[in-house]
Every structure is written in structure tokens, then in C-alpha cells.
> 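Dropping a structure here in C-alpha cells format, bear with me for questions.
Everything numeric here is computed off the predicted structure, so don't read it as measured data.
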Amino acid sequence: MARKRNKETVCKEYSACESREASLLAELEKVKAKKKALADELEEIELAERRENNDRIGEMVYRIFGDNISPDEFKEKLDAILTIDEVKEFAEADIKKEAC
């Protein structure tokens, strides 16, 4: 026959569950904080990579078009270059290749 549980036993188990719940919530908060810190670090790394990439692109633009080119002038020259069919087809094919 199964043993009957009394009020004291149930209260002890209930208290243990509450304690375990508090400990799990504290652990969850630690995990969330770590996750946020890692997401912030990842965002910082990606931003640094973009800056580095932009710097390399800028250096190439200056080397090809000269140090005194403005963003508007560069856009005009790039638009003119992309009106050439072969260049446009090459650029589109390259974009499609990278997408796959």
C-alpha cells in the first residue's frame, strides 16, 4: 500500500521546488547576460570588419581615381562605367555567384 504524504512532507518538497526555481531563474539571468555580452562583442567585431573593408575599398578608389575625388564624382564615374554592357553583365554575374 502506498504511503500517505503528510503536510510537513509536502511543505518540504514545495520549499525545495521554490528554492530550485529561484536558483534556475538566477542561472537563466546569468545566461541571458552572457548571451547579450557575446552579441555585443559580435556586433563590435562585425563593425570593425566593415570599417576595415570600407578602408580598403576607399584606398582602392583613391589609388584608381585620385585622392581628390568626392563621393558624388565617384558615383558619377561608377554609373558611367556600369552603363557598359560587358561590365554590367560581369557585375551582375559576380553578384549572383556570391549569392549562391
Side-chain angles (χ1 to χ4, degrees):
M1 202 163 150
R3 234 173 78 199
K4 278 192 168 181
R5 296 163 42 108
N6 62 27
K7 183 178 178 180
E8 183 180 321
T9 307
V10 172
C11 285
K12 283 182 185 177
E13 285 185 37
Y14 185 84
S15 178
C17 285
E18 282 184 328
S19 176
R20 178 77 174 135
E21 180 183 31
S23 133
L24 288 172
L25 288 173
E27 183 66 25
L28 181 60
E29 288 304 314
K30 287 180 188 176
V31 170
K32 284 180 178 181
K34 173 93 175 183
K35 182 180 170 185
K36 183 181 180 335
L38 290 171
D40 291 344
E41 185 178 358
L42 180 60
E43 185 178 338
E44 189 176 311
I45 290 169
E46 289 173 344
L47 182 61
E49 288 175 348
R50 275 194 304 269
R51 277 191 205 121
E52 185 178 318
N53 190 40
N54 287 341
D55 288 347
R56 285 196 315 264
I57 290 169
E59 288 171 7
M60 189 181 313
V61 167
Y62 286 141
R63 194 172 52 245
I64 294 169
F65 295 104
D67 288 340
N68 60 351
I69 190 166
S70 71
D72 292 333
E73 289 174 313
F74 176 67
K75 183 176 179 344
E76 286 175 18
K77 290 184 182 202
L78 193 58
D79 287 343
I81 290 170
L82 289 175
T83 60
I84 302 169
D85 288 337
E86 293 87 13
V87 174
K88 190 174 184 178
E89 289 170 7
F90 174 78
E92 289 172 354
D94 197 40
I95 290 170
K96 285 180 184 175
K97 182 176 73 174
E98 287 183 15
C100 294

> Please, which pairs that meet ring pair (Phe, Tyr, Trp, His ring centres under 6.0 Å) have at least one residue in residues 9-35, sequence neighbours excluded?
none

> With sequence neighbours excluded, what pairs up with Phe74 under the ring pair (Phe, Tyr, Trp, His ring centres under 6.0 Å) test?
Phe65

> Sort and list the pairs that fulfil salt bridge (Lys or Arg N to Asp or Glu O under 4.0 Å) and have at least one residue in residues 8-23, not counting sequence neighbours.
Arg5-Glu13, Glu8-Lys12

> Are Ile81 and Ile57 connected in a single hydrophobic cluster, I mean Ile/Leu/Val/Met/Phe/Trp/Tyr linked by side-chain heavy atoms less than 4.5 Å apart?
yes

> Using the ring pair (Phe, Tyr, Trp, His ring centres under 6.0 Å) rule, collect all pairs that involve residues 15-62, keeping only residues at least two apart or in two chains.
none

> Please go through Ile45's hydrophobic cluster and name the other residues, only I, L, V, M, F, W, Y counting, with side-chain heavy atoms under 4.5 Å joining them.
none

> Is there a path of hydrophobic side-chain contacts, each under 4.5 Å between heavy atoms of I, L, V, M, F, W or Y residues, that connects Ile64 with Phe90?
no

> Salt bridge (Lys or Arg N to Asp or Glu O under 4.0 Å): which pairs involve residues 32-43, sequence neighbours left out?
Lys36-Asp40

> Enumerate the residue pairs fulfilling salt bridge (Lys or Arg N to Asp or Glu O under 4.0 Å) with a member in residues 61-77, sequence neighbours excluded, ordered by first and then second residue.
Lys75-Asp79

> Suppose clustering is done on Ile, Leu, Val, Met, Phe, Trp and Tyr with side-chain heavy atoms closer than 4.5 Å. Which residues sit in the same group as Leu42?
none

> Checking Glu52 now: which residues fulfil salt bridge (charged side-chain N to carboxylate O under 4.0 Å, His left out) with it, not counting sequence neighbours?
Arg56

> Residues two or more places apart in sequence or in another chain: which of them pass side chain to side chain contact (heavy atoms under 4.5 Å, CB included) with Ile95?
none

> Glu27: what forms a side chain to side chain contact (heavy atoms under 4.5 Å, CB included) with it, not counting sequence neighbours?
Lys30, Val31

> With a 4.5 Å cut-off on side-chain heavy atoms, are Asn53 and Arg50 touching?
no

> Go through the structure and list residues passing salt bridge (charged side-chain N to carboxylate O under 4.0 Å, His left out) with Lys97, not counting sequence neighbours.
Asp94

